[in-house]
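Notes follow the structure.
So you know, we letter chains A, B, ... as the sequences are listed, proteins then strands, and number each from 1. Below, all heavy atoms of this structure are taken into account, side chains as well, without hydrogens, waters or symmetry copies. As the structure is a computational prediction, the values presented were derived from the model and not from experiment.
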There are 2 protein chains.
Amino acid sequence: MNTLAEENYLKSIYHLSLNDVNVSTNQIAAALNTKAASVTDMLKKLADKALINYAKYQGVTLTAAGEKIALHIIRKHRLWEYFLVEKLHFKWDEVHEMAEEMEHISSIELIDRLDKFMDYPKHDPHGDPIPDRNGNFKKYELKPIAALNVNENGIISGVRDHSPAFLQYLGKQQLTIGKKIKVTEIIDYDLSMILQVEQTEIHISREVAKNLLIAI
Amino acid sequence: MNTLAEENYLKSIYHLSLNDVNVSTNQIAAALNTKAASVTDMLKKLADKALINYAKYQGVTLTAAGEKIALHIIRKHRLWEYFLVEKLHFKWDEVHEMAEEMEHISSIELIDRLDKFMDYPKHDPHGDPIPDRNGNFKKYELKPIAALNVNENGIISGVRDHSPAFLQYLGKQQLTIGKKIKVTEIIDYDLSMILQVEQTEIHISREVAKNLLIAI
DNA sequence: TAAAAAATTTAGACTTGTCTAAAAAATTTA
DNA sequence: TAAATTTTTTAGACAAGTCTAAATTTTTTA
Ligand SMILES: [Mn+2]
Ligand SMILES: [Mn+2]
Ligand SMILES: [Mn+2]
Ligand SMILES: [Mn+2]
């Protein structure tokens with residue numbers, strides 16, 4: 001199988017690939033908190049294993065084999081996050097670091113049984129889709145609340161920023177996955193928004209509105 | 001914190017310490033499937049960290065700090081084994097290897113919540129005691145069925161051999177933790193035993209009788 | 001389009017954990 | 001108790017993964 005470091009590189013490349021077709025050495029270094037020189041070394045190893053397509057100075061893409069591994073790691077990460085929140089009652093801002101370790105537990109049978117135990121959840125606590133055992137999941141487009149006009153509404157379905165600070169803020173404001181929101185006002189001066197969420201009005205900055213996603 | 005290798009060494013030393021006060025380099029090498037030279041290297045590191053007492057050629061003992069870490073790893077191992085059997089319905093012979101990986105997940109809060117989620121089990125699926133968060137557990141003496149005489153009885157409470165082959169054999173014979181057994185006959189020729197277990201009589205070899213333990 | 005800046009790779013080094021072969025110490029045997 | 005055997009340690013090497021500093025390539029800027 002693959003080492004822990006290899007798994008982390010593949011996962012990072014997958015996530016970065018969602019924004020850019022070719023992923024650069026520096027992007028990976030930033031994501032993994034390591035140095036560009038270390039990334040170059042690992043890219044050679046992953047290319048030797050045919051898990052990425054790599055040409056010097058050109059950036060990388062995942063091969064089908066590499067993507068399969070990445071999606072399996074992501075499946076494990078998200079299923080463990082779901083477990084931690086739904087069964088062990090952690091808050092959604094507390095689980096990411098634990099899942100970063102748990103995603104490397106290797107047994108496939110274990111993760112399939114965990115999936116069944118939790119009745120095949122489709123999304124993790126942050127609204128991100130959980131791939132099935134074959135790596136398949138529905139890709140829906142989400143859009144930021146910032147893209148809405150006054151009187152438009154939607155259902156909170158994801159976040160663009162996964163930092164504990166942002167998640168904690170949202171949790172305190174009751175801006176959690178599944179909540180129905182409606183834009184009641186947009187302040188001209190700073191483009192902040194007033195939302196109707198259940199019985200209450202909540203005032204969020206443009207920054208927050210850009211990072212909070214609704215289903216289209 | 002400690003590396004994965006360090007944790008495995010401490011755990012092995014703990015287990016070996018139950019049979020011998022001083023644990024030898026070769027014993028550790030055998031337990032960890034590594035070479036004596038590698039063990040010597042690691043013993044120096046663990047001694048530098050004050051986790052073991054080590055004097056060249058003399059074997060090792062755990063310090064209080066080392067034992068605390070070992071018991072915490074063992075707590076995690078056994079709680080995850082319990083989870084795998086009770087919640088994910090694995091068989092008792094299938095869980096050890098998975099727990100070998102899961103025991104290294106670092107969060108203490110996670111394991112305390114897992115403990116609570118399962119309602120604070122006292123024993124793992126093999127009858128071994130689960131230390132509490134402070135490393136405490138009741139030490140009861142168990143004895144092998146081989147030590148019983150005809151007409152004596154007991155409750156199956158542990159195994160001396162944890163190999164999947166032995167556990168599978170016991171499972172098939174319904175010789176599982178908690179079962180009440182009574183010795184109905186001991187065959188002079190090979191010292192094999194006939195046990196009464198619930199409604200049925202089961203014939204076990206001396207080898208099996210030595211490795212199957214009952215509460216005293 | 002040549003110079004400057006940024007990105008990437010290479011070179012060489014370091015740590016952790018492992019190994020084999022050889023040396024040293026401890027234990028067993030005769 | 002001296003020789004033989006076993007156990008343990010030392011010496012030197014290697015792979016994985018990382019780093020800094022320097023060289024190279026690409027991209028941007030003027
Ligand atoms: Mn996460
Ligand atoms: Mn998540
Ligand atoms: Mn086990
Ligand atoms: Mn066990």
Inset, instruction - Give the C-alpha distance, both sets of side-chain angles, the deciding distance and a yes or no for side chain to side chain contact (heavy atoms under 4.5 Å, CB included) between A:Leu32 and A:Asn8. - result: CA-CA 8 Å; A:Leu32 290 175; A:Asn8 285 333; 4.2 Å; yes
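- OP1 or OP2 of C:dT18 sits under 4.0 Å from a side-chain N or O of B:Tyr9.
- Between A:Phe83 and A:Phe117, the angle of the ring planes lies from 30° to 60°, which puts this pair in the tilted group.
- Heavy atoms of other residues, nucleotides or ligands lying less than 6.0 angstrom from NZ of B:Lys143 number more than 12.
- In terms of phosphate contacts, A:Thr25 brings a side-chain nitrogen or oxygen within less than 4.0 Å of OP1 or OP2 of C:dT9.
- Side-chain N/O atoms of A:Lys44 include one lying less than 4.0 angstrom from OP1 or OP2 on C:dT10.
- Residues B:Leu10 and B:Leu51 meet the side-chain proximity criterion, which asks for heavy atoms closer than 4.5 Å.
- For A:Lys45, counting side-chain heavy atoms from C-beta on, the closest listed nucleotide (D:dG17, D:dT9, C:dC19) is D:dG17.
- For C:dT8, one of the phosphate oxygens OP1 or OP2 lies less than 4.0 angstrom from a side-chain nitrogen or oxygen of A:Asn26.
- Considering only side-chain N and O atoms, B:Thr34 lies nowhere under 4.0 angstrom from the phosphate OP1 or OP2 of C:dG17.
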Inset, instruction - Any chance you could lay out the ring pair (Phe, Tyr, Trp, His ring centres under 6.0 Å) test for B:Tyr82 and B:Tyr120, step after step, and finish with the verdict? - result: CA-CA 10 Å; B:Tyr82 188 92; B:Tyr120 306 105; over 10 Å; no
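- Spacing between atom CG of B:Leu32 and atom P of C:dC19 amounts to 10 Å, rounded to whole angstrom units.
- Side-chain atoms of A:Leu46 and A:Tyr54, non-hydrogen and from C-beta on, never get closer than 4.5 Å to each other.
- One can place CE of A:Met42 at 10 Å from C1' of D:dT18, the figure rounded to the nearest angstrom.
- You'll find the side chain of B:Trp92 reaches within 4.5 Å of the side chain of B:His126, heavy atoms only.
- Ring centers of B:His162 and B:His96: at least 6.0 Å apart, outside the cut-off.
- Whole-Å rounding puts the A:Ile28 CD1 to C:dT8 P distance at 9 Å.
- To the nearest angstrom, C1' of D:dG17 lies 13 Å from NZ of A:Lys49.
- Here C:dG17 presents its P atom at 12 Å from NE2 of B:His104, a figure rounded to the nearest Å.
- Taking the nucleotide of DNA chain D with the nearest heavy atom to each of A:Ala37 and A:Tyr57, the more 5' of the two is matched to A:Ala37.
- Between B:Thr3 and C:dT16, a side-chain N or O to OP1/OP2 separation shorter than 4.0 Å is absent.
- Atom CG of A:Leu4 is separated from atom P of C:dT16 by 17 Å (rounded to the nearest Å).
- Residues A:Lys56 and A:Glu6 each lie close to DNA chain D; by heavy-atom proximity, the contact nearer the 5' end of the strand is made by A:Glu6.
- Nucleic acid contact for B:Thr40: base, since at least one base atom lies under 4.0 Å from a heavy atom of the residue.
- Looking at DNA chain D, the stems built from 3 or more consecutive Watson-Crick or G-U wobble pairs, each pair with its key distances under 3.5 Å, are C:1-30 with D:1-30.
- Within the 4.0 angstrom heavy-atom criterion, only backbone atoms of the sugar-phosphate kind lie near B:Ala5; the bases stay farther away.
- Distances shorter than 4.0 Å separate some side-chain N or O of B:Tyr54 from OP1 or OP2 on D:dT9.
- Contact of the B:Met102 side chain with the A:Leu110 side chain is registered, since non-hydrogen atoms from C-beta on lie closer than 4.5 Å.
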Pairs under 3.5 Å (N/O, protein and nucleotides 13-15 of chain D):
none

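- The nearest whole Å value for the distance from the CD atom in B:Gln27 to the P atom in D:dT6 is 17 Å.
- The distance from atom CG of B:Leu43 to atom C1' of D:dT7 is 13 Å, rounded to the nearest whole Å.
- A:Ser38 comes within 4.0 angstrom of a base, heavy atoms only.
- Ring centroid separation for the pair B:Phe137 and B:His123 does not come in under the 6.0 Å cut-off.
- Inter-residue side-chain proximity for A:Ile145 and A:Leu195 is flagged as met; some heavy-atom pair is nearer than 4.5 Å.
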